[in-house]
Each structure stands twice: as C-alpha cells, then as structure tokens.
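Remarks on the structure that follows.
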Amino acid sequence: MSCLAKVMAYKKTLTMGVLILLAVLAVAIAVPIATNSDTDNSLAPQVNQFFGRTVLDEVPLIDGHNDLPWNLYNYERNQINKFELNADLKAHPVWGPATNSHTDIPRLQAGKVGAQFWVAYVGCNNQYKDAVERTLEQIDVIKRMVRKYPQYMRYVTSTEGIMEAFREGKIGSLIAVEGGHSMDSRLAVLRMFYELGVRYMTLTHSCNTPWADASPIDDQPEATLRNVTGWGRNVLWEMNRLGMLIDVSHVSHGVMVEVLEHTKAPVIFSHSSSYSVFNHHRNVRDDVLKQLVQNNGIIMVNFYPGFVGGRSIDNVIEHLNYIKSVTGPNHIGLGGDFDGVTEVPDDLDDVSKYPDLFDMLAEGVYKNGTTFAPWTREELRKLAGENLLRVFRDVEGVRDSMVDVEPYEDLIPYQDFVDAGVAEQPCMSDLDIHKQ
C-alpha cells in the first residue's frame, strides 16, 4: 500500500471513530432527558389534544338521554313555531343561565353530537290521569322540532337511519319515553308508541307502576319491593317483539335483575352510573353490571352531580373508568341527562363539551393532574356510538326473529293494582274489566 493510501485509510478510520463517539454522546444525553420528562414538561412529547375528539368524526356520538322536550313544555308550552333553537339559548331571556338549558343547535354542533334520543317525559303526577295524552303531546313536539330544522336534524327510527344521518352530517333524532306510567298499563298504547317512532321506554320513572318498581328512596328496604310482576314480563316481551329498547334506568335493583333474567334482547341503561363509585340508589351495582355483560347490553353514563358524587368532569370520568374495569369497553356509552337536571359538572356543563371529555379520556389525565390508563381509539369509538349501535342492531334482530309471534294481549290483572295499593282510580274507567 502506498503512503498516500495509508494516510487516506487512517483518516477514514478516524472519521468513523468520531461519528461513533458523537452517537454515544447523543444517547447519553438523550436518556436523562427522557427520564426527566415527567418533571420537565418543556422536554416532554406533546400530546395531541385533538386526538380524542377526532373519533367523533369517524363514528356518531350517540347520547342516550336529553330532556330538551321537557323544557320546551316548561318554558314554551310546546309552542315552538316562533321559538328559535338555532340560537344561543344561554343568552335567551327565559332560557338563560337561570334555567336548566344545556342544549341548542350551535352547542350540539360544537359538541359533535351525531345522534340523540330526545325524551318524551311527563311527571308521575300524571299517572292514572292523562299520562298517555301528555306523552303524545311530547312525542308531537319532538317530531315538530326535528321537522323544523331539516338542515341540522334527521328523524330516524333504526340503526341504519342513525348512520344515514351521520353520513349526511345531521343529528340522527330518535324518540324515547321516560316512564312506564306513560303507557297506562296498556299494551295497545305501547304498540302505538312504537308506531309513532318511540324506540326505547324507561320502565319506570320515580314512581312505581302497577307492574314494576321504581328505584327506591334510600331508606326504603328492598324487601318491600315487588319487582316485576308476571304481567310486567308481558311488557318486556312485547317490547322485544316490537324491537323497542328496554331501558332500566330509574328502576329498582330487583327489577334490573329480573329484567336481565327474562328479556330476550339486550337492554340499556340510558342514563345511569356506578353504585360502587358513588352509593346512590339510582346507580347500578356491580352484580348487575356483570349481568349486563352476559346480556350484551350497555350502560350509558349519567353526568348529574347528584348521581356521580361531585361537580367535576373528573367525577364522570371516574365512573367511566370504573365501569369499563368491570364490564370491559363493549358495554358502556354516554347518557348526559342534559336539560333534565338542575346541576351539571364543571367543564362538562352542556352538550358542546363532549369533545373535551374525549380528549381527556385519550390523554389519560384528570383535571386534578392525576393520571389513568388512556382510552384507546377503539375504546373511544365504542364509547361514542358503536356499542349502542350494536345493542340496537341486536334488538332489531330479536324483533325480526319474532316476526311470527302474535302480539301479547293479556290485560293487567286487577290484583296488580291491589298489590300496588292503587286499586281505586276514578280516572280509569275500565278497571272493572281487569277484575274479570
């Protein structure tokens, strides 16, 4: 080898040695930086704050329970021809901060709401009086509200309808009835509700019906409850036959258990939370959550501070995380209960805040700074709407399998009224028929 060649080889070897040394130094510097990233936020990888909310562009966010129609009755007496929902109701002289208004079209759009169950609710004081008529009025105002805003809403009654509305960029709008007292213990009324578009009925509200018990107040012993009567099972099976979702929010623990034992289709809790996280009688115990998994149903978490145990968005996330730890990610959804509650959580105070919730779940950090296991993209898709769509499809499948089953016709026995302590009801003209 010539002298020149030897010099060139030496320089090449020296250069490679310097490069290797620089690489080692870079690693030595980088490791401490990575190790200290928890304490030096300026060096930590930046979390994409829009990751969680982008899921809502992929699947419809389906909220299980909104009481806006109840406020339309309370504040407008259902006279909506001149009422403008496509406005900031927070600035409305009647619907402003002094009311329980959490919903309008601008906030629904900001919240990326893809589908909404609008609730036809009437109070328990209407039971045995004009509950059916009043419920029909609420169904009517929901349909008129949706019809008034065709550029934003689409009336739907099926899973396919929800997806069609989502593809059109509209809010799929479904009807729900909150409280079995609305059907007046008449299966014919239940059938007519379905014909009018009702796709779930909550079996009770805050009052018992003659055939099912409501969630008891805290000091009422479970032993005094009748749960679901034999005729009440007819209600379940007729809902199965029709393809109407059975909602077991508001019912007693015993009713939850018996419904899950007897239904032929998955059920929903349209707006309920975890009893283990916050011991409130409206919340769902772990044994029922485990039954719900076997049923392939869904619990849609409620946001009301009185049910979740506090006024922070952290309280809601705690319920979501706990329920997911019991049921897995396939049986959980969202049922905010907006416009039906007197208080809302900070940072989750109206329908516009759903994207913030999804960002927090994706990031895995509570507002108070503590961390939890971040939700994956797949889990967030399921929470947003895929779980509810699966349950709804299963209910539609049971309906299709029962196409040859005749409607359940048995009248409620008079003894059910007696056992419920409501045998004397002067406003019910045909009680004598039930005695026969």
Side-chain angles (χ1 to χ4, degrees), residues 47 49 52-53 55-56 61-67 97 100-103 107 110-113 206 215 217-218 248-250 253 256 268-289 292 298-329 331-376 379-380 382-384 387-388:
V47 175
Q49 63 176 326
R53 67 182 59 206
V55 166
L56 306 183
L61 169 64
I62 306 173
D63 181 277
H65 198 93
N66 188 300
D67 280 302
N100 302 324
S101 170
H102 314 121
T103 308
R107 283 184 283 179
K112 295 180 177 289
V113 177
S206 57
S215 173
I217 58 175
D218 291 356
V248 278
S249 287
H250 278 290
H253 175 261
M256 295 176 192
I268 68 170
F269 289 85
S270 69
H271 58 306
S272 295
S273 301
S274 165
Y275 186 87
S276 289
V277 176
F278 185 65
N279 294 173
H280 190 284
H281 60 88
R282 268 282 280 109
N283 290 336
V284 184
R285 299 172 190 264
D286 286 2
D287 65 318
V288 173
L289 290 177
L292 186 67
I298 183 174
I299 175 169
M300 308 180 83
V301 171
N302 188 303
F303 299 167
Y304 176 49
F307 295 160
V308 299
R311 294 199 54 169
S312 169
I313 191 173
D314 288 356
N315 297 106
V316 174
I317 293 176
E318 187 178 4
H319 283 263
L320 289 167
N321 284 333
Y322 181 81
I323 292 172
K324 181 160 72 80
S325 75
V326 175
T327 67
H331 305 280
I332 189 167
L334 299 169
D337 208 3
F338 285 124
D339 276 67
V341 294
T342 55
E343 294 180 286
V344 286
D346 296 334
D347 303 305
L348 194 55
D349 50 303
D350 61 38
V351 296
S352 72
K353 302 301 175 63
Y354 286 108
D356 296 339
L357 174 64
F358 276 74
D359 285 347
M360 289 180 65
L361 292 172
E363 188 176 2
V365 181
Y366 288 107
K367 281 288 182 180
N368 65 17
T370 59
T371 61
F372 56 88
W375 289 50
T376 68
E379 290 172 341
L380 291 175
K382 291 177 178 181
L383 174 71
N387 287 341
L388 189 280

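Residue Asn368 holds its CG atom at 12.0 Å from CD1 of Ile313, rounded to the nearest 0.5 Å. Atom NE2 of His281 sits about 4.5 Å away from atom OG of Ser215, to the nearest 0.5 Å. The line from CZ of Phe303 to CG of Asp63 is 6.5 Å long, rounded to the nearest 0.5 Å. In this structure, NZ on Lys382 lies 14.5 Å from CG on Leu388, to the nearest 0.5 angstrom. Summarising the geometry, atom OH belonging to Tyr322 is positioned 10.5 Å from atom OG1 belonging to Thr327; distances are rounded to the nearest 0.5 Å. Atom CE of residue Met360 and atom NZ of residue Lys353 lie 12.0 Å apart, to the nearest 0.5 angstrom.
The closest donor-acceptor contact from the side chain of Ser273 to the backbone of Val308 lies at 3.5 Å or more, if one exists at all. Counting only distance, with no hydrogens or angles, the side chain of Asp314 and the backbone of Lys367 share a donor-acceptor pair below 3.5 Å. The backbone N or O of Gly364 lies less than 3.5 Å from no partner atom in the side chain of Thr371, so there is not a single donor-acceptor pair. Judged by distance alone, with hydrogens and angles left aside, the side-chain atoms of Asp349 form no donor-acceptor pair with the main-chain N or O of Asp346 at under 3.5 Å. Between the side chain of Asp67 and the backbone N or O of Asp339 there is no donor-acceptor pair closer than 3.5 Å. Side-chain N or O atoms of Thr370 include none that pairs as donor or acceptor with a backbone N or O of Tyr366 at under 3.5 Å. The closest donor-acceptor contact from the side chain of Ser274 to the backbone of Ile323 lies at 3.5 Å or more, if one exists at all. With Asn283 contributing its side chain and Phe307 its backbone, the two residues share a donor-acceptor pair below 3.5 Å. Remark: the backbone N or O of His65 is not paired with any side-chain donor or acceptor of Asp337 at under 3.5 angstrom.
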Carefully, step by step, assess Asn315 and Phe278 under the rule side chain to side chain contact (heavy atoms under 4.5 Å, CB included).
-> CA-CA 9 Å; Asn315 297 106; Phe278 185 65; over 6 Å; no
Candidate pair Ser352 and His102, rule side chain to side chain contact (heavy atoms under 4.5 Å, CB included), full reasoning | CA-CA 9 Å; Ser352 72; His102 314 121; over 6 Å; no
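For the pair His331 and Val326, the minimum side-chain heavy-atom distance is 4.5 Å or more. At least one side-chain heavy atom of Leu334 sits less than 4.5 Å from a side-chain heavy atom of Leu357. Side-chain contact check for Asn302 versus Phe269: every heavy-atom pair is 4.5 Å or farther apart. Looking at heavy atoms from C-beta onward, Lys112 lies out of side-chain contact with Tyr354 at the 4.5 angstrom threshold. No side-chain heavy atom of Glu318 sits less than 4.5 Å from a side-chain heavy atom of Ser312. At least one side-chain heavy atom of Leu56 sits less than 4.5 Å from a side-chain heavy atom of Pro355.
In terms of heavy atoms, Glu343 sits closest to Val341 at O-CG2, 3.2 Å. Residues Phe372 and Leu361 approach most closely at CE1-O, 3.9 Å, considering heavy atoms. Pairing each heavy atom of Leu380 with each of Ala362, the nearest pair is CD1-CB, 3.9 Å. Heavy-atom minimum distance, Glu379 versus Pro374: OE1-O, 4.3 Å. The two residues Val344 and Arg311 come nearest to each other via the heavy atoms O-NH2, 3.6 Å. Nearest approach of Gly64 to Ser270, heavy atoms of both residues: O-CB, 3.7 Å.
For the pair Arg285 and Tyr275, the cation-pi test (distance below 6.0 Å, angle within 45°) is passed.
Considering Leu320, Leu289, Ile298 as possible partners of Ile332, the one that fulfils the side-chain contact (heavy atoms from CB on, under 4.5 Å) test is Leu320.
Checked against the 6.0 Å centroid criterion, the rings of His250 and His271 qualify as a close aromatic pair.
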